[in-house]
Number of protein chains: 2
Amino acid sequence: MNKIAFDTKNCGTCPIQHRAVCSHCDSAELQMLDSIKYYRSYEAGQSVLWAGDHMEFVASVVLGIASLSQGMEDGRTQMVGLLLPSDFIGRPGRNASPYDVVAVTDLTICCFRKKPFEEMMLKTPHIAARLLEMTLDELDSAREWMLLLGRKTAHEKIASLLTILATRDANLYKKIPLDGMVFDLPLTREAMADYLGLTLETVSRQMSGLKKAGIIQLEGKRRVTIPDIARLMAETGDDMDGGMLV
Amino acid sequence: MNKIAFDTKNCGTCPIQHRAVCSHCDSAELQMLDSIKYYRSYEAGQSVLWAGDHMEFVASVVLGIASLSQGMEDGRTQMVGLLLPSDFIGRPGRNASPYDVVAVTDLTICCFRKKPFEEMMLKTPHIAARLLEMTLDELDSAREWMLLLGRKTAHEKIASLLTILATRDANLYKKIPLDGMVFDLPLTREAMADYLGLTLETVSRQMSGLKKAGIIQLEGKRRVTIPDIARLMAETGDDMDGGMLV
DNA sequence: TGTCCGACTTGATCCTGATCAATGTGATGT
DNA sequence: ACATCACATTGATCAGGATCAAGTCGGACA
């Protein structure tokens, strides 16, 4: 998944988003980026963009989580992207978002005015290269997600999501994925359902099932303890060798 | 979907794959690409690459259709990509395919040796830009596909697939999508099922259903006639305004 | 001409997850 | 302390697709 490390040195006041687009920033580039950037913050549940909205910026997630969703007329919705700190919003050469972008948790993004950002991209090829790399990573995770949506059972879907969230949390805080780990679900049951292509009732039932089976413990609605991560991963249906293909 | 037009002028002996990676080829670039390329052909059903295989090339589809699939241990598989002429196979900076690549129809691809191709990419930024554009297009269609897998009924899935294949056929031969159009399904029922996250029996039943409803006509197993494309599209569940977001 | 085989169709039944409905829980504010 | 509200759980029932099991069709080949 090639995420940017959560590390503030080298990049001054706005580290994450700079390094998200550029891992070899020189000071001229930093200065350029600084001059075209501004921040926006949203509360959990707020909409950042509606599908079809004009976008005058591209942006990078600084703090919190955002989702991309596609909707159908009758109200059915499917989440198609989950954006974490350092992930990129928007697309060079596109003026409108084809997706709803929603703040899942409280969210801060760093926006870059589109026109100058695109000009800068033309002048600094390694920014384009970095974007290509990030986009290919996103494509890979979209394809993994397609397998989940098309072929996994509700049970496997939930186990997969918990594994993803747990692993992500472990990486974020630079812990090795550990048995006995505790973390807070950043998603409501409804958001989990949208992610997994299920109803929120099914999500709730499956969570209760995993709890009864002793695979997870729940404290309140959001706090999850995973006593034995291998046991959870055994429920995902995934290949266990897990060797990342480079 | 930003596909390359099926047009041979300007690009000599190997037009499609060159223009797939480069819409502004100059002769030095063409010469360079020529020197590192070779062709491979496969029969329908043959495997091009197994997941995990070492890849010494990147490639571009010249003729025919290939699929990317993910498998699970127990044999369940999900198609995650359908590659048409001009589509790109492989990823700069990656040595093994994470997917099974299979020739859906008879297939010819044009391979470029990976090392020199990557070196060339570094020297010619518009190739990287073109790859970024293509990758973003693929990401968009993957996300559309996720909505289909997660939220559409079997009925809507089939209608969507037929619409996609019909539209694609119409574009390929530069016909305006037309009522009364006839085309051959390039996919077996099983491949359709893998594409849609269904079983082949369900695919078959839904096809029969559409036929009984008079929305499509079937001659033999593969030849499809669509008397009224709007009527088919009404079954997809999709937004009808269809304005491509640029 | 027959038979063989793979691709497809159709039928009967089962089961997972959706739907509809009621209830529970905890945080917030008054 | 209580009302309120959003979020979550649980139950009862239903239905869309999966599964298991025969059959059909059409082309290749002896």
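Just so it is clear, the values below take in all heavy atoms, side chains as well, and ignore hydrogens, waters and symmetry mates. So that the names make sense, note that chain A is the first sequence line, chain B the second, and so on, each numbered from 1.
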Does a side-chain N or O from [X] land closer than 4.0 Å to OP1 or OP2 of [N], or not?
X        : N      : value
B:Thr202 : D:dG17 : no
B:Arg222 : C:dA7  : no
A:Thr199 : C:dA18 : yes

| remark: Nearest heavy-atom approach of B:Leu139 to A:Ala142 is CD1-CB, 4.1 Å
Using a 4.0 Å heavy-atom cut-off, does [X] contact any base of the nucleic acid, only the sugar-phosphate backbone, or nothing at all?
X        : value
B:Leu198 : sugar-phosphate
A:Gly197 : sugar-phosphate
B:Ser208 : sugar-phosphate
B:Thr188 : sugar-phosphate
A:Arg151 : nothing

Hey, does the side-chain of [X] have a donor or acceptor N/O within less than 3.5 Å of a partner on the base of [N]?
X        : N      : result
A:Lys221 : D:dC7  : yes
A:Arg205 : D:dG11 : yes
B:Glu190 : C:dC8  : no

Within this structure, what is the [atom1]-to-[atom2] distance between [X] and [N], rounded to whole angstrom?
X        : N      : atom1 : atom2 : answer
A:Glu219 : D:dC7  : CD    : P     : 20 Å
A:Glu201 : D:dT13 : CD    : P     : 17 Å
A:Lys211 : D:dT9  : NZ    : C1'   : 9 Å
B:Lys212 : C:dT9  : NZ    : P     : 11 Å
A:Leu200 : C:dG24 : CG    : C1'   : 15 Å
B:Lys152 : D:dG17 : NZ    : P     : 13 Å
A:Ile216 : D:dA8  : CD1   : C1'   : 14 Å
B:Leu185 : C:dC8  : CG    : C1'   : 12 Å

| task | Considering only NZ, NE, NH1 and NH2 on the basic side and carboxylate oxygens on the acidic side, decide whether B:Arg76 and B:Asp194 come within less than 4.0 Å. | result | no
| So does B:Asp74 pair up with A:Arg151, basic N to acidic O under 4.0 Å? | no
| Do any N or O atoms from the side chain of B:Thr167 and from the backbone of B:Thr163 form a donor-acceptor pair under 3.5 angstrom? | yes
| message | Any donor-acceptor pair under 3.5 Å linking the side-chain atoms of B:Asp53 with those of B:Tyr99? | response | no
| Between C:dG17, C:dT9, D:dG17, which nucleotide has the shortest distance from any of its atoms to the side chain of A:Gln206? | C:dG17
